[in-house]
Structure formats: structure tokens, C-alpha cells
Amino acid sequence: MTDATTLHAAFAGHIAAALDALEAAGTLPPGLNRANVAVEPPRDSSHGDLATNAAMVLAKPAGTNPRALAEALVGELTKLPEVTSAEIAGPGFINLRIDASAWLTELRAIAALGGDYGRSAMGSGKMVNVEYVSANPTGPMHMGHCRGAVVGDALATLLEFAGHKVTREYYVNDAGGQVDVLARSVHMRYREALGEDVGNIPEGLYPGEYLVQVAQELAAEFGDKYTSAPESDWLAPFRTRAVAAMLVMIKADLALLGIHHDLFSSEAELQAAGKPEEAEAWLRAHDLVYDGVLEAPKGKTIEDWEPVELPLFRSTKFGDDQDRPIRKSDGSWTYFGADLAYHFQKAEKADALVDIWGADHAGTVKRIKAAVAALTLGAGKEKPFEIKIVQMVQLLRNGEPVKMSKRSGNFVTLADVVQEVGKDVVRFTMLTRKPEAQMDFDFAKVVEASKDNPVFYVQYAHARIRSTLRKGAEAGFAPSDAAIERLGEEELELIKLGAQFPRLIEAAAAAREPHRVAFYLYELAGALHAYWNVGNDRPEKRFIVAQDADLTGARLYLAAQIGQLIKNGLALLGVEAVEEM
RNA sequence: GCGCCCGUAGCUCAGCUGGAUAGAGCGCGAGACUUCUAAUCUUGAGGUCGCAGGUUCGACCCCUGCCGGGCGCGCCA
């Protein structure tokens with residue numbers, strides 16, 4: 001076995017080999033599509049250790065019936081030494097039972113590989129660019145950014161673990177109107193810093209206190225040079241410095257969550273380099289951009305709507321309601337116009353793109369995917385481009401919705417939440433829900449009711465294991481695989497669940513769903529807790545059985561490996577595996 | 001009006017890309033702490049998988065149409 005490290009992967013190979021053998025024998029016609037052949041543990045473990053639907057999936061295209069094919073397949077599979085029984089069940093499932101020794105081999109593999117157990121070559125070194133957060137650089141991170149940040153970060157780590165080369169990228173929107181508003185807001189604080197009474201910050205500017213310090217630095221740098229100068233004099237330098245200061249703040253906030261991007265790409269630099277022009281020229285040459293006039297938007301009336309001719313991307317060709325402008329009437333780029341060039345730029349350096357977006361931008365998915373598909377195809381090869389939409393988090397405090405508005409300066413910052421709740425709780429909580437489902441984050445609940453929180457349940461399992469290993473060491477027992485054949489049925493159940501870790505990683509990575517790791521860990525922790533409690537009533541089932549050094553060594557070995565699995569899984573989620581609670 | 005997401009136990013949610021008798025936590029009922037940490041465990045009750053059709057050996061999962069909730073529908077970002 002070349003891939004002796006993961007039992008499930010090995011058996012996927014065994015099934016394939018068995019099918020090859022049937023082809024060679026003429027039982028099965030060659031070239032059947034096996035994409036739907038699955039090898040997985042049955043839901044009900046009484047059915048066996050592994051099940052495959054191969055006979056049912058292939059019977060029809062092979063022109064035979066499931067039963068007959070299953071019997072032929074069973075004939076092949078029973079030749080394997082690890083297979084203790086192969087039974088046909090239901091409409092044509094094949095249920096396999098695997099010898100205990102194979103599971104013990106897997107347990108040794110966990111020990112041998114340690115932190116690398118579960119690592120996969122699935123990605124075969126493909127370069128994947130994961131873009132996440134990309135919050136406008138106009139203030140500190142708030143809770144609205146949190147979920148996408150955590151999901152994106154965990155996904156990036158997961159993809160790396162599954163054999164991809166990952167770039168974690170943050171797109172800095174430093175070219176739009178919002179950064180001018182930032183610069184104006186800072187200018188007001190700048191005048192204030194120089195002793196002027198500016199009164200309340202006017203509507204439409206950012207009122208946040210976090211601008212005070214930036215303004216003071218500007219006052220120190222420029223003195224009163226710009227207090228009454230025209231905006232055209234100071235807008236650019238103020239904008240540059242304010243954005244830089246905001247990014248420092250944002251990076252610090254992200255660091256609190258353990259998030260670090262590899263690359264911060266500037267929209268302003270992209271535009272300065274003429275990338276959007278290049279994209280526009282190509283799109284025009286291929287009749288994907290034309291000059292046209294938009295219809296007035298439906299569903300809501302805009303008083304000052306007037307039809308204007310603009311360069312439009314033909315997104316209606318790709319299922320969008322409307323063609324979309326890439327430039328404004330003043331000739332500057334729309335967000336979309338710059339964004340398509342940005343994605344094209346990313347695609348030149350990567351094999352695949354993944355974006356994590358908030359649900360409020362879901363309406364723009366079609367146009368950007370269409371534009372990027374056209375551009376990358378035009379450049380020679382279409383690059384896979386996925387956009388994962390992360391739904392809104394409703395922030396609650398004692399059941400009451402917390403209203404957030406950046407304009408009023410009234411928002412819950414990420415830093416506050418991390419400080420109050422802790423990084424591990426925030427991260428794990430954000431990952432115990434599939435991202436496309438809306439979620440409530442009740443402040444009071446997450447803070448106070450720690451025992452309801454899955455993260456503690458999982459961490460507790462790890463802490464228990466570590467504690468046991470410490471106790472064992474004190475009593476002179478070390479984990480050892482010398483006598484692991486003495487592990488019984490209950491221990492094997494634990495190993496079987498643990499052995500699913502590698503295939504779980506691959507499935508989660510393929511689906512781009514890091515939350516599956518969190519749910520798996522919860523299940524594994526539950527199995528560990530259940531096993532532990534057997535020892536309450538039956539001291540002979542405890543990890544440490546003082547009078548039996550061999551058995552104790554074997555059980556501690558098992559405990560150590562389960563602890564390793566939990567640690568590996570938590571590492572993917574960016575959550576600490578604690579030594580004690 | 002249109003697009004995207006969601007709808008699974010009283011509540012909060014999983015459901016491994018179409019598999020076998022749909023699962024877990026909380027809550028409710030009954031139990032287990034002179035212990036390797038009870039932040040745990042065991043056990044019971046609780047379901048028309050929003051509704052109606054369709055596709056096939058088989059549907060919570062795919063397709064169509066409704067119903068309900070969320071997000072969005074400027075040359076904003």
C-alpha cells in the first residue's frame with residue numbers, strides 16, 4: 001500500500017482494484033463512469049465498518065442487476081486479508097467488516113504522523129487564492145466582518161492541509177468614494193487636534209473616536225498647513241495616511257482572531273497600473289462591453305434618475321437582470337469595473353480563486369463570475385472561481401437585537417467581542433453553523449453560558465486526555481503500542497471514528513466547508529467523553545489500570561492519539577487545544 | 001416585481017454532494033460524582049424533513065410551482 005496512512009483511502013483503492021479485476025474478467029464492461037461510487041462508513045455501525053454502493057451504481061450501465069454484480073464484487077473483496085466479512089444488504093449495498101489489526105495499524109499511523117495525520121495530497125499543489133475580509137479601510141473591524149473572516153481563514157488553512165498552495169488575500173478598497181469620506185472625516189479631526197472647535201461631526205462623515213489619533217499624527221506631521229487649505233490640496237495625502245492607519249488597526253484586530261493575510265492588494269495601485277483599462281479593451285474587443293444606456297432600476301424609484309450612456313458589461317448574457325456599468329459617467333471606474341480587473345490579476349497567479357463574501361453582496365455574484373470566466377478563458381484557460389456567500393450574523397444582547405451602523409459610529413467592534421468572549425469561542429462559534437445559514441450570536445449567551453458552548457466540550461475532551469497522560473506519567477506509565485491488541489470493542493469504536501478524520505478533511509476541503517471539521521470534533525469529543533464515563537462504573541475500563549501496565553500503556557497510547565486528532569482538528573479551526581480547563 | 005440564501009423535534013442546529021430505521025445539544029422525565037477533572041455520562045418521551053407535483057432501484061438532498069423568513073436589486077461599496 002502506497003497510502004498506508006489512511007485506511008479509508010486505501011479501501012477506496014481496493015474497491016477500484018476489485019472493479020478493475022471484474023473488468024479484466026469480462027464481468028464488467030470497460031470504461032464505466034465510477035464517479036458516483038462511494039465508499040463510506042454506514043450510518044448504522046451494526047451494518048459493518050465500510051459500505052459501498054458500487055454494485056447499485058454500476059449495475060444499470062453494465063446491463064446487469066445489482067445483486068449479481070454485488071456477488072462478483074464480494075468475491076473479489078473477500079480476497080483482501082483485512083476483510084473479515086463482506087455481505088450484500090438491502091438493494092445491493094456491500095457491507096465490509098475490517099479486521100481489528102487494520103484499525104490498530106491505523107492507530108499507529110496517527111502516532112507516526114502526529115500533526116500531519118489527515119494531511120492530504122488531494123490538492124496536488126494547486127495554487128488557490130482565498131480572498132476574505134476585504135473590509136473597507138475606513139475603521140476598525142466590527143462584528144459584521146467576523147464570520148467571513150473566520151470562515152475564510154479556516155477554509156484557507158483547511159485547503160492548505162488538503163494539499164493546496166494557498167494565498168490569503170485582502171483586497172483593500174482604497175480607491176472609492178468611501179476613502180474620500182474617510183479623509184474628510186480625518187481632516188475635521190485634524191482641525192480639532194489643532195485646537196479648533198469643530199462641534200459635532202456632520203452627517204455623512206465617520207464620527208468614530210478612532211480617527212482622533214490619526215488626526216493627531218497628521219497635526220504633528222503637517223502643523224496647521226492644511227487647516228484652511230482647499231480640499232484638493234490635502235485630500236490625497238490625508239487619504240493615503242488615513243488608509244494606512246486604518247490598515248494597521250484592521251491588521252491588529254484580525255491578529256486578535258489569529259488571522260494573518262499573505263497579501264494586501266490595493267485597488268488604487270491596480271488602477272494606477274492600468275489594469276482595468278486592459279480588461280476593458282479585451283472585453284470590448286470581444287463584444288462583452290459596449291456603450292449603452294441603462295433602464296431605470298425596478299422595485300424602487302430614484303428621483304434623480306436620468307439615462308446616461310455608459311460602458312456596460314453584457315452580464316445579461318450570463319443570467320443577470322441587467323448589463324452592468326464598468327465606468328461612471330465621469331469616466332472613473334465603478335467598483336465592478338475595477339473588481340473584474342482585480343480578479344483577472346489574481347487568476348493570473350493562481351489555479352483557482354475562492355472569495356468569501358457577505359450576503360449583502362450576493363446580488364453581484366453573477367456579473368463578476370461571468371466577467372472573470374470570460375477574461376480567464378480569453379487568456380487561455382478558464383480558472384475555477386467560487387464565491388462563498390456567508391450569511392448575516394444577527395447580534396443579540398439578552399435576546400435584544402444590537403443595531404449597528406458605521407455612520408453613527410454605533411457598532412460592536414471585533415476587538416471588544418474577542419476581549420469579552422475570547423478568540424477560541426468566537427472562532428468555534430462562527431464555525432458551528434454552515435455559512436449559508438443565518439445565525440444569531442447572542443452575546444450574553446456565549447459569554448455566560450459556557451457549558452452550552454461546544455468549544456468547551458471539545459477542549460475539555462482534549463484537556464481530559466492530557467490530564468490522564470500526566471497522571472499516567474506520574475504513576476510511571478507511558479503510552480505504548482506494545483500491547484495495543486488488547487484494546488477491546490469500545491476502544492476500537494473510538495479508533496474507527498478517529499480514522500474518519502482524513503476522509504473528512506478531504507470532503508470538507510472539496511466542499512469548501514470548514515464547519516464540517518467543527519462538527520466532527522464535537523462528535524469525536526462526545527465519543528471520548530462517553531468512553532471515559534464507562535470507567536466511572538467499571539474501574540477496569542479506565543485508562544489507567546494500575547495493576548496492568550501493558551493495558552494501561554495501550555490505553556494511554558489510544559488516548560494520546562485521540563488527543564492528537566482533536567489537536568489537529570482544532571488547529572485547522574484556529575482554536576487552541578488546551579492542556580487543562 | 002426580480003435575483004440569491006434559508007425552512008429538519010418545543011428551541012438552536014447537523015445530515016458526510018442521491019443510500020439502509022432522519023441525528024445531536026438545550027429544555028422536559030428518570031438515573032450516575034469516597035473518580036484518570038461530573039464543564040461529563042446513561043436512559044425515556046418528542047418528526048407529515050414548509051406544502052404540492054416530478055425525476056429513479058432509491059429523495060431531507062436533484063427539477064418545477066406555491067407558502068413563509070432573511071439579504072440584495074444606483075454610475076454606492
Side-chain angles (χ1 to χ4, degrees), chain A residues 36 38 40-44 47 51 53 56-57 59-60 65-66 89-93 95 136 138 173 176-178 294 296-300 302 304-305 308 310 319-322 324-330 332-337 339 358-366 389 391-392 394 432-440 442 445 449-454 456-457 459-461 463-465 467-472 475 500 503-504 507-508 510-511 513 515-516 518-520 522-523 525-526 528-537 539 542-545 552 555-556 559 580-581:
Chain A
N36 291 325
E40 52 192 25
R43 293 221 171 110
D44 185 344
H47 288 137
N53 60 355
M56 286 183 293
V57 173
K60 195 171 187 180
N65 68 75
F93 286 101
N95 291 327
N136 285 336
T138 56
N173 301 130
Q178 79 285 354
L294 288 176
K298 301 189 170 80
K300 69 181 202 177
I302 297 175
D304 59 349
W305 175 265
V308 180
L310 292 167
D320 207 349
D321 324 336
Q322 213 177 31
R324 303 290 174 176
I326 63 169
R327 287 179 191 261
K328 307 178 199 173
S329 53
D330 67 0
S332 66
W333 298 103
T334 61
Y335 183 86
F336 173 56
D339 204 30
D360 50 345
H361 290 134
T364 67
V365 167
K366 277 181 184 168
I389 298 296
Q391 291 293 325
M392 295 291 157
Q394 161 107 310
T432 41
R433 187 136 326 175
K434 57 187 173 192
E436 64 269 28
Q438 290 155 235
M439 124 182 245
D440 289 345
D442 194 322
K445 210 170 175 181
S450 60
K451 76 167 202 179
D452 290 343
N453 211 311
F456 292 107
Y457 186 81
Q459 286 182 317
Y460 183 40
R464 268 186 155 170
I465 287 169
S467 162
T468 305
L469 291 170
R470 286 193 299 271
K471 289 272 182 195
Q500 291 189 38
R503 61 181 288 276
L504 173 100
E513 288 182 347
H515 76 274
R516 291 193 198 182
F519 282 98
Y520 170 78
Y522 189 80
E523 192 183 347
L528 185 278
H529 288 310
Y531 176 76
W532 175 286
N533 274 272
V534 173
N536 275 346
D537 295 332
R542 292 179 190 170
F543 284 102
I544 298 169
V545 184
T552 299
R555 291 212 180 129
L556 289 179
E580 55 191 345
M581 299 294 283

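Chain letters run A, B, ... following the sequence lines, proteins first, then strands; residues in each count from 1. The figures here come from the full heavy-atom set of this structure, side chains too, leaving out hydrogens, waters and symmetry mates.
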Tell me: NE2 of H529(A) to C1' of C36(B), nearest whole Å? 14 Å

Would you state whether a donor and an acceptor, one from the side chain of H361(A) and one from the base of A77(B), lie under 3.5 Å apart? yes

Ignoring hydrogens and angles, are the base of A22(B) and the side chain of D44(A) linked by a donor-acceptor pair under 3.5 Å? no

Just call it for P91(A): base, sugar-phosphate, or nothing, with non-hydrogen atoms closer than 4.0 Å on any strand. base

Contact class for N53(A) (heavy atom, under 4.0 Å): base, sugar-phosphate, or nothing? base

What about S467(A), does its side chain sit under 3.5 Å from the base of C36(B) through a donor-acceptor pair? no

Could you check which nucleotide pairs with C36(B) in any of the strands shown, counting Watson-Crick or G-U wobble with both distances under 3.5 Å? none

Base, sugar-phosphate, or nothing: which does G90(A) touch, judged by heavy atoms less than 4.0 Å apart? nothing

Tell which nucleotide pairs with G74(B), taking only Watson-Crick or G-U wobble pairs whose two distances are both under 3.5 angstrom. none

Paired with G58(B) by Watson-Crick or G-U wobble geometry, both distances under 3.5 Å: which nucleotide is it? none

Have a look at R542(A) and say if it touches a base, only the backbone sugar-phosphate, or nothing, with a 4.0 Å heavy-atom cut-off. base

For H529(A) and Y457(A), I'd like to know if the aromatic rings sit close, meaning centre-to-centre distance below 6.0 Å. yes

Does U21(B) pair with anything, Watson-Crick or G-U wobble, both distances under 3.5 Å, and if so, with which nucleotide? none

With sugar-phosphate meaning primed atoms plus P, OP1 and OP2, does A89(A) contact a base, only sugar-phosphate, or nothing at under 4.0 Å between heavy atoms? base

Taking any strand in view, what nucleotide pairs with A30(B) in a Watson-Crick or G-U wobble way, both distances under 3.5 Å? U42(B)

Pairing partner (Watson-Crick or G-U wobble, both distances under 3.5 angstrom) of A52(B): U64(B)

Could you check whether N536(A) gets within reach of a base, just the sugar-phosphate, or nothing at all, counting any heavy atom under 4.0 Å? base

Is K366(A) close enough to G72(B) that one of its side-chain N or O atoms is under 4.0 Å from OP1 or OP2 there? no

Quick check for you: among C16(B), G19(B), C41(B), whose closest atom lies nearest to any side-chain atom of R503(A)? C16(B)

Remember a base hit wins even if backbone is also touched, and classify Q500(A) as base, sugar-phosphate or nothing at under 4.0 Å, heavy atoms. nothing

Looking at every strand, decide which applies to A507(A) at a 4.0 Å heavy-atom threshold: base, sugar-phosphate, or nothing. sugar-phosphate

Minimum-distance nucleotide (side-chain atoms of Q438(A) versus U37(B), G69(B), U42(B)): G69(B)

Using whole Å, report how far CG of L469(A) lies from P of U37(B). 11 Å

Stacking check: are the rings of F93(A) and A20(B) less than 5.5 Å apart at their centres and under 30 degrees in tilt? yes

